[in-house]
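For this chain, numbers begin at 1 and follow the sequence in order. Just so we're clear, the structure is a prediction, and the values are computed from it rather than from any experiment.
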Amino acid sequence: MQHEDLAYERKLRPIWESIEIGNYKKALQDVEKMLKKKPTLQCARALKAWAYQRLGRTEDSAPMIAALEEEQPIEATTLHALTLCYKETHRLDKICTLFANAVRQVPGSEELLSQLFIAYMRIDDFKSLQSVALQLYKLRPRNSYYFWAVMSVVLQALRGPDAQNAQKAQLLLALAQRMVEKFIAENKLDGAQEAQLYLQILQEQHKYGEAYEFLQGALCQKLYPGAPVYLRIDLLKQLNKWGELNRLLKELLLQEQDRWDYYQDYINSTFELIKAGDKPEGADYTVEMCHEFLCDIIEAQSKKIRGPYLARLELNRRMIEQRYAEEQLLGDMFDMLTEYFELFADKPCCALDMKLFLEFVKPALKRRILAKKLATGIYSDNLPDSKEQMQRKICASQIARYCGVHAIVSIDELTMFFTALQLDYDHGYKSYGQGLLVTDMGPSDAFALLAAHVGYERAWRMQSSEAVIEALCVLKILLNDSVNNFHGKLLVLQLYHRLGLTQPAQAAYEELDIKHIQLDSLGYLHCSQLANAGFPALARSMYESTLYFFLNDTEANSEFPKQLYNFGTFSKLVEIIDFRSRLANSYQYMLVSVETLLLMVVSFSGILSQLLAAYRQTRPKPHEDRIRWEKLHDNRDLTIFVSWDPPGEDDAALEEQQSNGASEQSQPLPTKPIGATLEERRERLQKLSYEQDLDLLRLRSGLSRMLFSLVELYLSRTTIELGVAEELRDNWVTVMADIRSKGHVPVSGQYLVNLLPSRLHLYLSLPYERVFTQLADFALDLWRGHNLERLTEAADRCTGDVTAVFETMKRAIDTYHESVDLLWHWKATHELVNGCIEMISLMVFVMAVCYDKYLHAPATQTLPNAGKKAKKQPTENSAADGSNEAANSLVPEKERLALVTKVLRELKQRINEADLVLASWKPPFVIDDYLSAATERLSLMPKYTAMIKIAIVENCLTEVRELRKLLKDKLKLMSKAI
């Protein structure tokens with residue numbers, strides 16, 4: 001029998017290979033031949049089901065998988081094939097059942113138990129993990145199995161169902177501690193990861209004293225001799241042993257004098273000692289002692305390094321934060337930054353270093369004076385003589401912008417500065433940027449990047465697109481010289497989105513080559529603008545690729561803990577589980593999922609039956625809100641842009657107010673920092689924008705669920721669906737009222753790297769709330785069919801909404817044509833037009849579904865006399881039949897069909913009129929004379945200006961064609977009704 005199994009296994013191997021390389025038809029042919037000889041062969045049937053799945057024939061694979069489940073297979077290859085089937089259908093819980101059944105039949109199999117452990121690990125069933133790990137340890141007493149059980153207990157406490165119950169979590173952690181201590185008592189602890197896990201358990205219980213004692217003990221020194229020093233530092237912080245921490249950090253700093261993190265902790269420990277009034281021997285417990293130690297390091301240096309100089313600035317910053325009187329400070333921040341600039345301005349990191357402390361030069365006027373002082377002798381008519389001098393000029397220019405020097409100059413002066421930056425870039429590239437590797441960034445690239453910021457600011461002040469085109473020209477030259485400068489690519493993407501040019505923005509996005517996890521952290525830069533960008537096919541492609549990442553990466557990430565368990569790397573397990581959770585509940589993932597469904601309807605180009613077929617494939621379930629709102633996570637990376645724009649006016653006003661009210665007491669006061677630090681401003685901006693984007697998701701999710709509930713109602717015709725649709729209609733009204741009540745204000749567009757305004761403001765500016773609420777009311781009243789007068793009024797409101805939407809679109813284009821600078825107003829106009837077309841498209845879909853159902857309804861069929869009470873009727877039969885009395889009170893279906901036809905005819909008329917309006921929509925042609933002048937002034941090659949002109953015109957003409965085609969597709973969708 002064993003030889004026969006081996007023979008079949010050899011014959012099955014080519015089938016595996018055929019499926020893996022995508023040759024599914026050949027795999028099916030081969031497996032059919034094998035099943036003719038042996039129809040009961042489980043692995044062959046599992047492979048057949050897998051091949052069917054890969055072909056998209058789930059209706060054929062499902063019965064085969066169900067039959068195999070009933071048989072409860074135990075053979076390894078069959079189990080593996082079924083596991084792959086479950087993975088591809090995202091039914092990971094079924095894998096657990098599969099191996100649990102196998103383990104019951106073969107209880108002594110280490111391999112099956114290991115696979116069962118991995119299956120529970122994929123679905124984060126930590127309690128079952130503990131049970132299986134202990135079974136494995138009982139079967140084979142190995143430390144690894146035992147500590148799998150320990151870690152499973154820890155995960156139950158930290159991330160399991162009982163994690164929110166502090167008492168249960170504490171009991172679980174205490175159990176894990178006892179399990180490890182049992183091994184310690186028996187002298188069985190034998191690995192660094194086991195020791196590290198014990199430390200983690202103690203720390204999670206806040207038993208920092210025990211953890212520190214174990215860390216310093218002989219056993220830990222033996223098992224975990226390479227324990228990182230940060231463990232000791234963190235424990236000393238938690239134990240408030242500031243004196244010991246201070247002494248330790250002094251020792252470490254004498255060995256590594258450029259460790260910025262050590263300096264920060266050292267200075268913090270000094271202030272904690274001052275606060276506590278302790279004076280431990282060998283520690284620095286006054287700011288004077290701390291300053292002296294830093295000066296000693298500086299004086300002992302054989303070559304200048306930034307660490308101790310930055311530490312002096314940090315010490316001074318902390319003293320200002322703690323409200324020390326001016327005479328108590330160990331130096332003036334103005335003078336200290338000047339000294340730092342003189343020492344390190346030839347390093348590219350100098351301006352970034354200084355940026356951390358510039359806000360503590362008070363007031364804003366003094367910062368501008370500092371910027372001018374730093375530029376003394378640098379800004380001149382002569383170009384830099386050396387690479388070092390050029391870098392000093394870059395640093396001075398960046399600091400000048402951050403200090404607000406550009407904010408107070410005239411537009412003419414800003415133009416002169418823009419031209420000077422471009423000339424500096426050109427000189428720097430020709431003098432010092434030749435012969436670099438393709439992956440290197442040019443030494444003068446910062447000039448071009450800064451020029452782009454200045455160019456956009458000029459455009460914003462003048463409300464004109466000319467300066468934006470100049471900025472794009474500079475960036476095109478930069479990317480030609482330095483092809484991998486991602487900062488330049490980001491700015492190009494941002495500029496095109498500022499102008500509302502989707503196609504060039506797509507090209508810029510593709511140049512960035514964003515992939516994998518960046519689709520989540522950086523996808524917002526582009527994807528958030530596509531839903532109403534006028535290019536539905538492009539948007540669908542982007543959304544589908546993004547969804548593919550989320551769906552497949554979630555599956556891939558479920559395998560990471562397997563490797564961590566296998567190698568005993570327990571310290572990273574919680575981090576990986578949290579990462580998986582953040583990814584599975586990513587805001588970007590949820591928004592793209594919702595937008596994809598809406599876009600499927602808006603962009604569809606076939607007839608209604610084809611659209612309904614596509615709809616049924618996705619088959620959204622409106623009654624199920626798949627978004628776990630309480631777990632949504634904002635994974636955007638807002639640090640990707642390097643900004644030199646000055647702090648906002650609100651920050652300046654706040655710092656002036658706090659500066660004027662600062663205490664002059666001699667003793668430091670434990671108060672909040674003055675003003676807002678860079679990190680605090682970034683967090684505030686992220687919070688503000690996320691609040692708006694969260695409401696955007698609520699709006700779009702509520703809209704899609706309500707509309708799809710109406711479609712489900714007319715497809716299923718049950719009172720259960722009626723209750724869902726009524727509830728979602730009410731929820732939509734509530735959500736919209738709540739969003740409007742918040743009074744959201746768009747993010748300012750004054751600076752180039754500010755976040756783009758949320759699309760929420762577009763939908764709030766258009767009559768989305770009224771249009772879709774009245775559309776839902778009409779569809780629901782139609783279904784109930786009670787009152788002809790009420791139905792007629794509802795139909796009239798819908799036709800009025802169609803007219804209002806068309807008038808809004810026409811008015812937007814007319815206003816655009818009246819503007820002086822068409823390109824500058826293109827973005828606002830095309831967003832309004834796309835929003836209007838989306839409203840029309842969604843109305844067409846719902847009305848077409850209603851028309852189709854009434855057109856094909858049997859002549860004798862009546863709809864139920866259902867209202868709010870319909871929610872209490874649980875059966876389909878009662879809904880479908882109705883009573884004779886109810887039937888007599890219903891509006892005849894013929895008349896309801898006529899009302900739907902009336903709305904559809906209004907839609908047809910307005911769509912035809914909208915097509916004529918779109919045909920008259922002028923693209924924002926860029927004047928050749930202007931481009932020639934820009935080319936001459938900026939010394940740009942003609943090809944760059946030509947490329948920009950072509951990109952602008954092609955984008956606008958293509959968008960108009962796409963929108964006109966989309967409207968024609970809507971006419972095709974309702975062709976039966978009109």
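- With hydrogens and angles ignored, the 3.5 Å screen pairs no side-chain donor or acceptor of Ser482 with any backbone N or O of Leu478.
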**Request:** For Arg178 and Glu181, run salt bridge (Lys or Arg N to Asp or Glu O under 4.0 Å): C-alpha distance rounded to whole Å, both residues' side-chain angles, the deciding distance at 0.1 Å, then the answer.
**Result:** CA-CA 5 Å; Arg178 289 196 302 272; Glu181 288 174 348; over 6 Å; no

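- A heavy-atom distance below 4.5 Å is not found between the side chains of Trp460 and Leu752.
- With sequence neighbours excluded, no residue satisfies salt bridge (Lys or Arg N to Asp or Glu O under 4.0 Å) with Glu251.
- Salt bridge present: Arg401 and Glu457 bring a charged side-chain N and a carboxylate O closer than 4.0 Å.
- Not less than 6.0 angstrom separates the ring centroid of Tyr208 from the ring centroid of Tyr212.
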**Request:** Check step by step if side chain to side chain donor-acceptor pair (under 3.5 Å) holds for Ser444 and Asp424.
**Result:** CA-CA 8 Å; Ser444 64; Asp424 282 329; over 6 Å; no

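- Atom CD of Glu213 sits in a sparse spot, with 12 or fewer heavy atoms from other residues, nucleotides or ligands closer than 6.0 Å.
- A pairwise comparison of heavy atoms in Leu273 and Gly243 identifies CD2-N, 3.7 Å as the closest pair.
- When all heavy atoms are compared, the tightest approach of Ala211 to Leu199 is O-CD2, 3.3 Å.
- Taking 4.5 Å as the limit, some side-chain heavy atom of Leu491 sits within range of a side-chain heavy atom of His453.
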**Message:** Could you walk me through whether Arg312 and Glu339 satisfy the salt bridge (Lys or Arg N to Asp or Glu O under 4.0 Å) test, starting with their C-alpha distance in whole Å, then the side-chain angles of each, then the deciding distance to 0.1 Å, before giving a yes or no?
**Reply:** CA-CA 11 Å; Arg312 284 174 57 198; Glu339 178 193 10; 3.7 Å; yes

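- At distances below 3.5 Å, at least one donor-acceptor pair connects side-chain atoms of Thr376 with backbone N or O atoms of Lys373.
- Side-chain N or O atoms of Asp234 include none that pairs as donor or acceptor with a backbone N or O of Leu231 at under 3.5 Å.
- Tyr524 places none of its side-chain heavy atoms less than 4.5 Å from the side chain of Asn635.
- By the 6.0 Å and 45° rule, Arg318 stacks over the aromatic ring of Phe271.
- Distance alone, capped at 3.5 Å, is enough to place a donor-acceptor pair between the Tyr432 side chain and the Ser386 backbone.
- Judged purely by atom type and a 3.5 angstrom limit, Ser586 has no side-chain atom pairing as donor or acceptor with the backbone of Arg582.
- Counting only distance, with no hydrogens or angles, the side chain of Asp520 and the backbone of Arg636 share no donor-acceptor pair below 3.5 Å.
- Taking the salt bridge (Lys or Arg N to Asp or Glu O under 4.0 Å) definition, one finds that Asp284 meets it with Lys250, sequence neighbours left out.
- By the 4.5 Å heavy-atom criterion applied to side chains, Trp242 and Lys237 are counted as neighbours.
- You'll find the side chain of Leu248 stays beyond 4.5 Å of the side chain of Glu244, heavy atoms only.
- Residues His427 and Met390 have side chains not in contact (no heavy-atom distance under 4.5 Å, counting atoms from C-beta outward).
- When every heavy atom of Tyr456 is checked against every heavy atom of Tyr751, the shortest pair comes out as CE2-C, 3.6 Å.
- The heavy-atom pair separating Met441 from Leu436 by the smallest distance is O-CD1, 4.0 Å.
- Applying the 6.0 Å contact sphere to NZ of Lys279 captures no more than 12 heavy atoms from other residues, nucleotides or ligands.
- Between the side chains of Asn240 and Glu272, not a single donor N or O lies within less than 3.5 Å of an accepting N or O.
- Residues Lys393 and Asp346 are not paired through a salt bridge, judged by the lack of any N-O separation under 4.0 Å between the basic side chain and the carboxylate.
- Of the N and O atoms on the side chains of Ser521 and Asp637, not one donor lies less than 3.5 Å from an acceptor on the other residue.
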**Message:** Assess the residue pair Asp332 and Lys366 against the criterion (salt bridge (Lys or Arg N to Asp or Glu O under 4.0 Å)); give the C-alpha distance rounded to whole Å, side-chain angles, the decisive distance to 0.1 Å, and a yes or no.
**Reply:** CA-CA 12 Å; Asp332 183 74; Lys366 194 174 180 180; 3.6 Å; yes

**Request:** Give the C-alpha distance, both sets of side-chain angles, the deciding distance and a yes or no for salt bridge (Lys or Arg N to Asp or Glu O under 4.0 Å) between Glu388 and Arg392.
**Result:** CA-CA 6 Å; Glu388 290 71 23; Arg392 294 175 73 85; over 6 Å; no

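- Closest approach of Ile305 to Phe344, counting heavy atoms only: O-CZ, 3.6 Å.
- Side-chain contact between Tyr285 and Asp278: absent, with no pair of heavy atoms (C-beta onward) separated by less than 4.5 Å.
- Within the 4.5 Å cutoff, no side-chain heavy atoms of Leu239 are placed close to those of Leu245.
- Side-chain atoms of Gln221 come within 3.5 Å of backbone N or O of Leu215 as a donor-acceptor pair.
- Counting non-hydrogen atoms of other residues, nucleotides and ligands closer than 6.0 Å to CD of Gln301 gives a total above 12.
- Side-chain N or O atoms of Tyr263 include none that pairs as donor or acceptor with a backbone N or O of Leu253 at under 3.5 Å.
- A cation-pi arrangement, defined by a distance under 6.0 Å to the six-membered ring centre and an angle within 45 degrees of its axis, is present between Lys355 and Trp644.
- Geometrically, Arg458 engages Phe418 in a cation-pi contact, judged by NZ or CZ lying under 6.0 Å from the ring centre and within 45° of the ring axis.
- Contact check on Asp634 versus Lys687 returns no salt bridge, with no Lys/Arg side-chain nitrogen under 4.0 Å from an Asp/Glu carboxylate oxygen.
- A salt bridge links Glu314 with Arg317: at least one charged nitrogen is closer than 4.0 Å to a carboxylate oxygen.
- Proximity of a side-chain donor or acceptor of Arg247 to a complementary backbone N or O of Glu281 within less than 3.5 Å is detected.
- Shown here for Ile184 and Leu219, the closest heavy-atom pair between the two residues is CG2-CD2, 4.0 Å.
- Side-chain N or O atoms of Gln692 include one that pairs as donor or acceptor with a backbone N or O of Val745 at under 3.5 Å.
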